[in-house]
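Order of listing sets the numbers, starting from 1, for every ligand and every atom in it.
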Amino acid sequence: MDFEAYLAPYAATSSHSRGRRYAEPASTSRTEFQRDRDRIVHCGAFRRLEYKTQVFVNHEGDLFRTRLTHSIEVAQIARSIARNLGLNEDLVEAISLAHDLGHTPFGHAGQDALHVCMKEYGGFEHNLQSLRVVDMLEQRYGGFDGLNLMFETREGILKHCTAAHAAELGDIGKRFLEKKQPTLEAQLANLADEIAYNNHDIDDGLRSGLLTVEQLETIDFFARHKREAEAAFPGIGGRRAINETVRRMINALIIDLIDTSRERIRASGVQTVEEVRIAGPLIAFSESMRSEALLLKRFLRKNLYQHYQVNRMTSKARRVVTELFHIFMEEPALLPPSYQTARDAGIDDTQHTAVQARSVSDYIAGMTDRYAMREHRRLFAIEET
Ligand code: MG
């Protein structure tokens, strides 16, 4: 059965894929990208996303987004756009669900802190870490480490990467050095991520009381859609008004992305994935939508991500991550045995320290928010815990 017969010629397909690192017999009941998605959904790192911060720490409230619900929202948005453009829904779904697997506890605060700690050992990049999770760190299969995903899924997960790292990655890093594009599905997952977080951060920001509707009304994009919602439902207020506004904003962004991308794909004349790779970015917002989205992003940075109450969490997160890193580096014997690295013959102390640092970084990056806090308490609290 040809599951991919309905796709556009420029969509990624299992049959034209660059394949898996370790050859496996094809599935008879699923496409290779469905299989990737299924492997992701069943892996441990995916389950841990439930307890990792997006903006608000998990225990601050039961209704805020977590990395898990964020990833599901990204997948929803990406799939609905993919279907409109004739792109491979299975692939965008796999990329979307996996894109944040490498995130540290405590959102960007945790990531920045770990990057500083890892500075002399190659740094910490969450996209690269997501790839590390699916390529190496998950240990579930008899024949290989990692999930052995398809090239296009891995490529989509590695959204950004420094040139130095790209050079070490071989095949998968090549496009950053050659300045080529990934598949349209990867380009799409990236922008679906942006649509999801801009909108759900507004929603969570209002729910938490850190943002007010009055503040948001200074942003024309929000105000316009709120007026539309009120015209459709006179007298509407409270959470319903917010929801009707946010869903209109998401819809406007999606429609704009579909229309603009369809036109760019048409104008470029691309007919194959190989032509997509050498064309410029084809999945894009219109100019005017891009500037509206930019204003929204700036607003969120200033008023939500740098809100003093969020700063308090950020500061605490930085301390937890940094102190954990240093104590494990000073006393590796405190690490669970699987994260203690044996000194291999033929490598010197400096090289061994770098290997140990990467292992500590893997351990910390894999922690959920509450696990990190508990681990910090276990190691630093003097009183009984
Ligand atoms: Mg994301």
Side-chain angles (χ1 to χ4, degrees), residues 36-37 40-41 43 45-58 64-82 89 91-115 124-134 149 152-161 182-205 246 249-250 253-254 257 281 283-285 290 293-294 296-301 304-305 310 313-314 317 365-369:
D36 279 5
R37 177 208 50 210
I40 291 158
V41 167
C43 83
F46 184 72
R47 285 193 295 282
R48 288 201 295 267
L49 293 176
E50 184 175 3
Y51 301 103
K52 291 194 180 201
T53 294
Q54 183 66 26
V55 174
F56 297 91
V57 181
N58 181 275
F64 296 127
R65 267 69 174 188
T66 64
R67 288 261 164 220
L68 180 65
T69 62
H70 161 71
S71 302
I72 294 171
E73 288 183 33
V74 175
Q76 180 276 317
I77 291 169
R79 268 193 296 115
S80 71
I81 298 169
E89 282 183 58
L91 175 56
V92 287
E93 189 179 17
I95 297 170
S96 302
L97 293 178
H99 84 285
D100 274 349
L101 288 179
H103 253 290
T104 61
F106 313 117
H108 284 279
Q111 177 200 306
D112 294 346
L114 197 51
H115 183 59
F124 179 87
E125 295 174 36
H126 74 267
N127 289 306
L128 203 55
Q129 189 69 13
S130 297
L131 187 66
R132 230 174 125 69
V133 168
V134 300
L149 301 179
E152 293 75 9
T153 310
R154 298 170 57 231
E155 165 188 67
I157 292 171
L158 191 64
K159 188 164 64 177
H160 302 293
C161 172
T183 61
L184 294 175
E185 285 81 359
Q187 298 179 34
L188 170 53
N190 187 13
L191 291 179
D193 184 22
E194 204 178 305
I195 296 178
Y197 68 68
N198 279 333
N199 285 284
H200 66 48
D201 288 351
I202 288 179
D203 190 48
D204 282 352
V246 170
M249 294 196 299
I250 295 178
L253 286 156
I254 289 179
L257 192 66
I283 304 294
F285 293 109
R290 176 127 299 279
L294 198 63
L296 205 59
K297 265 189 178 177
R298 280 200 200 122
F299 172 90
L300 285 170
R301 193 177 319 135
L304 182 62
Y305 310 143
V310 175
M313 187 280 281
T314 308
M367 294 178 183
T368 60
D369 297 351

Would you sort out whether Ser71 and Asp100 count as a side chain to side chain donor-acceptor pair (under 3.5 Å), showing the intermediate values? CA-CA 7 Å; Ser71 302; Asp100 274 349; 4.6 Å; no
Q. Is it true that Arg37 and Glu89 have a side-chain N and a carboxylate O under 4.0 angstrom from each other?
A. no
When the side chains of residues 73-80 are checked against the rest of the protein, which donor-acceptor pairs come out under 3.5 Å, sequence neighbours left out?
{"from": "Glu73", "atom 1": "OE2", "to": "Arg65", "atom 2": "NE", "distance (Å)": "2.9"}
{"from": "Ser80", "atom 1": "OG", "to": "Ile77", "atom 2": "O", "distance (Å)": "3.2"}

request  = Determine the interplanar angle of the His200 and His70 rings, folded into 0 to 90°, and report it as parallel if under 30°, tilted if 30 to 60°, perpendicular if over 60°.
outcome  =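 Geometry flag for His70 against His200: perpendicular rings.
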Sorted by chain and number, protein N/O/S atoms nearer to the Mg ion (ligand 1) than 2.8 Å are His70 NE2, His99 NE2, Asp100 OD2, Asp193 OD1
Any donor and acceptor pair, going by atom type alone, linking the side chain of Arg132 with main-chain N or O of Gly102 inside 3.5 Å? no
(message) Keeping Gln111 on the side-chain end and Glu125 on the backbone end, is there a donor-acceptor pair under 3.5 Å?
(response) no
